[in-house]
Amino acid sequence: MATRRIDEVSFDHGAQYFTIRSDRFHDSLKAGQADGVIQSWNGEVVSLSRDGLSQRFQPATPRYAGVPSMNALPKAMAIGLDVRVDEQVAKITGDPGRWFLHIADRREGPFDWVFATAPAPQSSAVLPSRFAHHDMLGAVEMSACFTLMIRLDYDGSIPFVAARIDDPVIDWISRNNTKPGRSEAPCLVVNSNSMWADANTDKPLDTIRQKMIEAVRRYIPVAPSEADAAMIHRWRYANVQRPAGSAYLMDRASQLAACGDWCIGGRVEAAFLSGAGLADALREIIEASE
Ligand SMILES: Cc1cc2nc3c(=O)[nH]c(=O)nc-3n(C[C@H](O)[C@H](O)[C@H](O)COP(=O)(O)OP(=O)(O)OC[C@H]3O[C@@H](n4cnc5c(N)ncnc54)[C@H](O)[C@@H]3O)c2cc1C
């Protein structure tokens with residue numbers, strides 16, 4: 001749930017929206033709904049292909065967005081927590097009940113338990129070899145995605161709020177400024193399709209940017225000045241192709257665990273349910289030991 005800002009324009013360059021299907025997620029979001037941190041994002045979605053616009057539909061499940069930006073929801077959930085950003089854990093060392101996190105040239109700890117919440121391949125890289133579920137982490141398949149962000153001078157001629165696209169390079173275009181609470185400045189968020197992203201993951205970002213702009217122009221006019229200012233972001237682990245099939249991975253003996261959307265499926269709600277399930281399991285262990 002990521003947002004990038006340029007001047008007064010914001011782009012949700014990660015999750016585009018989320019849906020709420022479970023009671024647990026619904027209940028956890030009541031406060032956010034009351035505070036206006038999440039609001040529904042309505043409007044027709046269309047299906048586009050090179051033959052033109054084939055279908056218009058109102059999605060059956062309401063779509064929600066963070067307000068004024070997608071990252072407003074995790075920010076609200078993190079109030080009161082000690083969250084450190086821009087800290088990359090390089091490895092975890094120690095023993096059960098005495099774990100240390102190695103970050104740049106220092107280590108932090110000891111910690112009783114460590115939960116890895118990074119994508120499966122990155123969690124696998126940092127969790128010690130004694131973690132009992134490395135085989136399940138290794139079986140998870142995730143694919144990449146490139147996201148193109150374009151500020152437009154005018155978007156009044158675009159006949160949709162968002163489009164699913166049948167194209168070899170891109171599969172989604174949304175007008176980010178149509179989400180609630182955004183600036184009116186027209187701006188597009190475009191996602192590549194997974195197969196194309198996987199085949200091109202390590203290509204120079206400028207080449208990717210050009211290819212995606214060419215693809216967008218098959219559907220929407222983009223002026224040279226708008227194309228020149230467009231930004232690109234690479235997500236190495238964006239879509240979950242094969243989930244772990246277990247809501248979280250917990251190793252009670254080593255006091256290590258892992259959770260994330262990749263346990264269940266590539267959706268915001270799946271990430272929440274995985275984390276909530278693991279939190280419940282830890283709470284039970286703590287209560288049993290009291
Ligand atoms: C382009 C895109 C579009 C999407 N669209 C939608 C959508 O429309 N609807 C929807 O429901 N879902 C969507 N998703 C999926 C949704 O974003 C994910 O399901 C959700 O963000 C997963 O949350 P998470 O907490 O499991 O993992 P993440 O959000 O991936 O968070 C993992 C975090 O771990 C950090 N990390 C990794 N390695 C380390 C390390 N070594 N040390 C410290 N930190 C580390 C990462 O920086 C990251 O912040 C989309 C995803 C992408 C990429």
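Just so you know, ligand 1 is whichever comes first in the structure, and atom 1 is the first atom listed for that ligand.
- Ion pairing of Arg151 with Glu8 is present here, as a side-chain N (NZ or NE/NH1/NH2) and a carboxylate O approach within less than 4.0 Å.
- Below 30°, between 30° and 60°, or above 60°: for Phe272 and Phe25 the angle between ring planes is between 30° and 60°, a tilted geometry.
- Ring geometry, Tyr17 versus Trp41: the interplanar angle falls from 30° to 60°, so the pair is classed tilted.
- A salt bridge links Arg236 with Asp202; the closest basic N to acidic carboxylate O contact falls under 4.0 Å.
- With Gln16 as the fixed residue, the side-chain contact (heavy atoms from CB on, under 4.5 Å) test singles out one of Met1, Arg63, Lys179: Lys179.
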Distances for all N or O pairs of ligand 1 and the protein under 3.5 Å?
{"residue": "ligand 1", "atom": "5 (N)", "partner": "Gln16", "partner atom": "N", "Å": "3.4"}
{"residue": "ligand 1", "atom": "8 (O)", "partner": "Gln16", "partner atom": "N", "Å": "3.1"}
{"residue": "ligand 1", "atom": "8 (O)", "partner": "Tyr17", "partner atom": "N", "Å": "3.3"}
{"residue": "ligand 1", "atom": "8 (O)", "partner": "Tyr17", "partner atom": "O", "Å": "3.3"}
{"residue": "ligand 1", "atom": "9 (N)", "partner": "Tyr17", "partner atom": "O", "Å": "2.6"}
{"residue": "ligand 1", "atom": "11 (O)", "partner": "Val268", "partner atom": "N", "Å": "2.9"}
{"residue": "ligand 1", "atom": "19 (O)", "partner": "Asp261", "partner atom": "OD2", "Å": "2.7"}
{"residue": "ligand 1", "atom": "19 (O)", "partner": "Arg267", "partner atom": "N", "Å": "3.4"}
{"residue": "ligand 1", "atom": "19 (O)", "partner": "Arg267", "partner atom": "O", "Å": "3.2"}
{"residue": "ligand 1", "atom": "26 (O)", "partner": "Asp261", "partner atom": "N", "Å": "2.9"}
{"residue": "ligand 1", "atom": "41 (N)", "partner": "Val89", "partner atom": "O", "Å": "2.9"}
{"residue": "ligand 1", "atom": "42 (N)", "partner": "Val89", "partner atom": "N", "Å": "2.9"}

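- No single ILVMFWY cluster, assembled from side-chain heavy atoms under 4.5 Å apart, contains both Met231 and Ile213.
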